[in-house]
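Here is how names work: the chains are called A, B, and so on, in the same order as the sequence lines, proteins then strands, and each is numbered from 1. Just so it is clear, the values below take in all heavy atoms, side chains as well, and ignore hydrogens, waters and symmetry mates.
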4 protein chains.
Amino acid sequence: MLLKKEGRRAQKKLIKENKLLDAAYHLFVEKGITATAIDEIVKKAGVAKGTFYLYFKDKEDILEKLILKKSSEIVKKALQEVSNKEFPSPVDKFLFFLEYIIDYLSKNRMLFRFLKKDFSWVFYKKITENDQLVEIKKAKEMFLKNFNTNYSQEELEMVIFMILELVSSLTYSSIVNSEPAPIEKVKPLLLSTIRKILEN
Amino acid sequence: MLLKKEGRRAQKKLIKENKLLDAAYHLFVEKGITATAIDEIVKKAGVAKGTFYLYFKDKEDILEKLILKKSSEIVKKALQEVSNKEFPSPVDKFLFFLEYIIDYLSKNRMLFRFLKKDFSWVFYKKITENDQLVEIKKAKEMFLKNFNTNYSQEELEMVIFMILELVSSLTYSSIVNSEPAPIEKVKPLLLSTIRKILEN
Amino acid sequence: MLLKKEGRRAQKKLIKENKLLDAAYHLFVEKGITATAIDEIVKKAGVAKGTFYLYFKDKEDILEKLILKKSSEIVKKALQEVSNKEFPSPVDKFLFFLEYIIDYLSKNRMLFRFLKKDFSWVFYKKITENDQLVEIKKAKEMFLKNFNTNYSQEELEMVIFMILELVSSLTYSSIVNSEPAPIEKVKPLLLSTIRKILEN
Amino acid sequence: MLLKKEGRRAQKKLIKENKLLDAAYHLFVEKGITATAIDEIVKKAGVAKGTFYLYFKDKEDILEKLILKKSSEIVKKALQEVSNKEFPSPVDKFLFFLEYIIDYLSKNRMLFRFLKKDFSWVFYKKITENDQLVEIKKAKEMFLKNFNTNYSQEELEMVIFMILELVSSLTYSSIVNSEPAPIEKVKPLLLSTIRKILEN
DNA sequence: AATGAATGAGCATTCATTCAT
DNA sequence: GATGAATGAATGCTCATTCAT
């Protein structure tokens, strides 16, 4: 009985937290982070202002949780796609993984409005440190251990970080500013460059 | 006589503008852009608040001019260094050019606090579009035309953009967050990766 | 219990709004509208600056609400006076109504400082459009339908507007500038002129 | 020789003053008085900021001079029209004078944007006090002495003031707000009312 | 846990006016 | 007389955060 109540309570809490995250997400994407007032978030979420501070410390806090959530979602989808397919080599697998994410972002370019800044970092952290999700742990191992390169383990970690940095920066620039060219033109070159870096 | 007066006035104006740019620079670097109030800038510059708006439209405006100024300064220094030395190949020359900038930024890591966001873009633009400065024009030609690669001209331009993006992103991450490792560890790997990309 | 709480809250809110209206009223009358800063209003009302914006959009907004409130008060008083007396004719009744307002304004000449501009308009609107207050509705009928004139209904409405405009303009000029003469001298002529216009 | 120089100087002065008045007029009419900055006036007039203060004490000052100038122009035109025609009676003459002004204002409704507030006052002052212009002096006599009414001289002065006040108020309200009706509908009623007041 | 009224520090921006040249 | 750079007081408004209910 008590447990049920607790459960229902925790559920209710989760619902409110998600309402707030959702509201914040849509507002951040539409208006940008700085331009979005907490007032608007709570209004859109349909809760009182004080409630916000029951779930999040401040705007930074909800932003961070949002980025984690959204990044995690994307990575999870990419990993699912990857696991459903066969690849000639781990590098091909990794490139497909990256391509899936690039394509996803091309279709959801609004995401960039606030994801970009911290994306590559969050991305990497998720893959390398977040051990809560088994799939991601597996992914990390897959990408780090299965490559056949001349790099040492330490170097390889840096190279992967480098690549993720490059992918996020360039995809952002290409999608948002068409610099140095539209994403369709940049993508093949980017992927072939990455293959060059990984294969030796 | 008239000319002298005009000259003196214009000179005074330039001095004030520089005072403001300097004050803004130090405050942006120390406290960050958003945390810096116009009030502080004018106080540090020793001018009245209204004077600020005589020279700049708003905070965005002074930021933009500051980024342009600082970026231009760094590139100019790097090009001067490069032009004083002999190199076995254009790629070596380019790598030295990049290394000089990385080293410069390492020593002035505070610069990143506000330069990063737009840096690579401004950087590239300066090299490719700003034809007012002869050295930069020459640099552009040097970097774009002297490489012996399999890339087409169009591809090469994209690759260079990619490299600049990678350098700025990674140098930023490495210097500011020590991610994926401190700059001393990342630099050799980064430069060798770039060489790999350019040489074939 | 809930209702009581709600009620107490709403009550408190009303008290604050009235405090602000009162403070604004006294300051507008003393110093004029433009010369009154929001800062002064909140200080006088004893609330925080932000609280002002909780109740009013801006200075315009509080001014409008103030004019409506004050105008409504005056009209209500005049109608009460009128309803307590017997008159030989509807025109006499109307003239007494106007005279009451003129006298009231003479005694509270400070009101004009900010009421004047919109007064006659608000006045008429209150009489003709505001159907919320029963007395005012009755007054409207009284003034518009009981006159025995040669005017058509449409003309009569215009004539009444004209008269209200004349009364407010002239009373203002006479009280504030003694132009064309002090109010004591102007009033009889004004009233007799109006009688002339209405009676035929 | 000296005189010529003086003359030329005075002429130059007048030219600048008129440039400033013209610029102010157009800006006041377009943007309103408060919204117009001295900066804009001098920019439009093509003179330096300091020059403004050589000719006018402040914004109030230029506004006053502007109202005087514009009002005087209108009255002058109306008097010219009136003097070119024959009328059955002085009242008809006066009514034509008023109608001319109403029509003029209908065609130039932008004038009202800033003229209205002080218009009737300036208007009357011009007619009754400004003895510098001979025509206006004559007009004053024409309107004040030629009426055949039961009013005493003192009363007549007040009545005329009243009428001018009524005309300006109502014309303003009618033209700008269509209250109580468009000017075409209001004008005949207004003029017939005035005739009623003057004729006995 | 939830509410939402209240807070008030903080900040950008404007603009009339001055005065050295 | 003319200029226009410099001034800085003045002010409206926002918004994250608190807390009594």
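Between B:I41 atom CD1 and F:dG8 atom P there is a gap of 18 Å when expressed in whole angstrom units. As a whole-Å value, the separation of C:E40 CD from F:dA10 C1' is 11 Å. Atom CD in B:E60 sits about 15 Å away from atom C1' in E:dT13, given to the nearest Å. Counting to the nearest Å, the P atom of E:dA5 and the CD atom of C:E17 are 12 Å from each other. In this structure, D:I33 atom CD1 and E:dC15 atom P are separated by 15 Å, rounded to whole Å. Counting to the nearest Å, the P atom of E:dA12 and the CG atom of B:L20 are 14 Å from each other. Rounded to whole Å, the distance from NZ on D:K31 to C1' on E:dT14 is 12 Å. Rounding to whole angstrom units, CG of residue D:L27 and P of E:dA16 are separated by 12 Å.
Atoms NZ and CG, from C:K44 and C:D39 in turn, are 14.0 Å apart once rounded to the nearest 0.5 Å.
When heavy atoms are screened at a 4.0 angstrom cut-off, C:Y55 is found touching the sugar-phosphate backbone but no base atom. Contacts of D:V42 with the nucleic acid, taken as non-hydrogen atoms under 4.0 Å apart, are absent.
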A correct 5'-to-3' footprint of nucleotides 12-17 of chain F, with B, S and - meaning base, sugar-phosphate only and no protein heavy atom under 4.0 Å, is BBB-BB
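Residue C:F52 is tested with C:I38, C:D58, C:V47 for a side chain to side chain contact (heavy atoms under 4.5 Å, CB included); the sole match is C:I38.
Annotation: side chain of D:V42 is not in contact with side chain of D:T51 (no heavy-atom distance under 4.5 Å).
If you check E:dG8, E:dA2, E:dG4 against the side chain of A:K16, the one that comes closest is E:dA2. Nearest to the side chain of B:L54, among E:dA6, E:dT3, F:dT7, sits F:dT7. Residue C:K13 places its side chain closer to E:dA6 than to any other of E:dA2, E:dA6, F:dG8.
Remark: A:K70 qualifies as a cation-pi partner of A:Y25 under the 6.0 Å distance and 45° angle criteria applied to the six-membered ring.
Stretches of at least 3 consecutive Watson-Crick or G-U wobble pairs, with each checked distance under 3.5 Å, appear in DNA chain F as E:2-21 with F:2-21.
Atom NZ of C:K69 has more than 12 neighbouring heavy atoms from other residues, nucleotides or ligands inside a 6.0 Å radius. By the 6.0 Å contact criterion, CD on B:E64 is open, its count of non-hydrogen atoms from other residues, nucleotides or ligands being 12 or less.
Here the closest non-hydrogen pair linking D:D61 and D:Y55 is OD2-O, 4.3 Å.
Between the side chain of C:K59 and the backbone N or O of C:T36 there is at least one donor-acceptor pair closer than 3.5 Å.
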Yes or no on salt bridge (charged side-chain N to carboxylate O under 4.0 Å, His left out) for B:K31 and B:E40, after CA distance, side-chain angles and deciding distance? CA-CA 11 Å; B:K31 318 184 47 178; B:E40 297 173 285; 2.6 Å; yes
